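All remarks here apply to the structure that follows.
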Amino acid sequence: MRTLITGASGFLGAQVTRAMVTAGHDVVALTRAREIPPRLRGLEERITLASGELADTAAIRAVVAAARPEVCLHLAWYAEPGKYLSAPENLPALKASLELFEILAATGCRRVVGAGTCAEYDTDAGFLREEGATRPATLYAAAKLSLCLLGEQLAQAAGMSFAWARIFYPYGPGEDERRLVAAAIGAVLDGRAFAATPGEQVRDYLHVTDVAAAFRVLAECDASGVFNVASGVPVTVRHLLETVGRVTGRPELIRVGALPYRAWEPMMICGNVSRLKALGWVPSFALESGLEDTVSWWRRRRT
């Protein structure tokens, strides 16, 4: 299956690219780099690398015309930790994504799978279901929800099938070191204390390999609509960090309660994954085995 993957050099995009290549698909990986990005090393002979900025409509039109994809997995977005939630870059990302969908439709692409976020939901609902209420509280979440709604309409008008993957809390090898799991592992492996809140917030963490497997499943089927990409297992941040401490052998460096809660922080975010599992997706990592895999990767990187 000829597949175009946008954002292919990112934390999620690189793992999705590897999953699709491993499954035997013909992958065109769209990145901003002109040479193979670090996360895609080893795939040079197995993918077609396409270079271009998502906002450069002419470049994207040329990439799509050359690729003639049957399926597009759209993961490209502005996502700099600490900035992306309220960043004005969300608006041009939304505009460029809609233009991408129109270009795909004009060239005969039959399916689009977009990357959304659990932050689109009204998080007061507890376990979050796809049919539940939405209430984006940030510009990022509002832009993603807008793309979901508009993309669905554009796809329907063009005769494309459309799926929207609402991703919860991914972690794993290659994650940005400013994000929670990578930051905690990095601090502990360096022998530094890691300060955290009391950690009673409940979250839904999923190893990046399982996120990638979910996108592969969604690429290979024709199911439409919203799909939660989550573990379905509620975990407190305290338990997550204490597990990091135990796996690294330095539990004394995890300083739970050293920081206050952030005022805007929801206390529970966990997803129901029955729709995704009905397509045959099964996660391969539990939390502890996933953190063991991630810690091993960071240790290898340091040596």
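Note that the numbering runs from 1 along the sequence shown for the chain. Keep in mind the model is a prediction, meaning the values are calculated, not measured.
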Worksheet item: Should Thr243 and Val235 be marked as a side-chain contact (heavy atoms from CB on, under 4.5 Å) after you check the CA-CA gap, both sets of side-chain angles, and the distance that decides it?
Response: CA-CA 11 Å; Thr243 304; Val235 173; over 6 Å; no
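- The shortest distance between side-chain heavy atoms of His207 and Thr294 falls below 4.5 Å.
- With respect to the salt-bridge test (charged N to carboxylate O, under 4.0 angstrom), the residues Arg203 and Glu265 qualify.
- Asp204 approaches Ala230 most closely through the heavy-atom pair OD2-CB, 3.3 Å.
- The pair Glu242-Arg246 does not count as a salt bridge, with every side-chain nitrogen at least 4.0 angstrom from each carboxylate oxygen.
- No continuous path of ILVMFWY side-chain contacts below 4.5 Å connects Leu12 to Trp164, so the two sit in separate hydrophobic clusters.
- Of the possible polar contacts, one joining the Lys144 side chain to the Ala115 backbone as a donor-acceptor pair under 3.5 Å is found.
- Between Lys277 and Pro283, some side-chain heavy-atom pair lies under the 4.5 Å cut-off.
- In this structure, Phe162 is not a member of the same hydrophobic cluster as Met1, with clusters built from ILVMFWY side-chain heavy atoms closer than 4.5 Å.
- Linking Ile, Leu, Val, Met, Phe, Trp and Tyr residues whenever their side-chain heavy atoms come within less than 4.5 Å leaves Leu75 and Leu147 in two separate clusters.
- No continuous path of hydrophobic side-chain contacts links Val208 to Ile269 [ILVMFWY only; heavy atoms under 4.5 Å].
- Interatomic distance, Thr134 OG1 to Glu120 CD, rounded to the nearest 0.5 Å: 8.0 Å.
- No side-chain heavy atom of Ile60 sits under 4.5 Å from any side-chain heavy atom of Glu99.
- Nearest heavy-atom pair, Leu40 versus Ala29, reported as atom, atom and distance to 0.1 Å: CD1-CB, 4.4 Å.
- By the rule that hydrophobic residues join a cluster once side-chain heavy atoms approach within less than 4.5 Å of another member, Leu259 and Val244 end up as members of separate clusters.
- Between Tyr171 and Leu287, some side-chain heavy-atom pair lies under the 4.5 Å cut-off.
- Few gaps surround CZ on Arg178; more than 12 heavy atoms of other groups in view lie less than 6.0 Å from it.
- The closest donor-acceptor contact from the side chain of Glu130 to the backbone of Asn228 lies under 3.5 Å.
- Taking the charged nitrogens against the carboxylate oxygens, Glu89 and Lys83 have no contact shorter than 4.0 Å, which rules out a salt bridge.
- Arg111 and Ser161 form a side-chain donor-acceptor contact under 3.5 Å, judged by distance and modelled atom types alone.
- No donor-acceptor pair closer than 3.5 Å links the side chain of His25 to the backbone N or O of Val27.
- Considering only heavy atoms from C-beta on, Val226 comes within 4.5 Å of Tyr121 through its side chain.
- The local environment of CZ in Arg34 is sparse, with at most 12 non-hydrogen atoms from other residues, nucleotides or ligands closer than 6.0 Å.
- Using a cut-off of 4.0 Å between Lys/Arg side-chain N and Asp/Glu carboxylate O, Arg46 and Glu44 are scored as not salt-bridged.
- For the pair Trp77/Thr6, no side-chain contact is recorded, criterion being any heavy-atom separation below 4.5 Å from C-beta on.
- Counting heavy-atom neighbours within 6.0 Å of Glu252 CD, excluding the residue itself, gives a total above 12.
- Few gaps surround CD on Glu80; more than 12 heavy atoms of other groups in view lie less than 6.0 Å from it.
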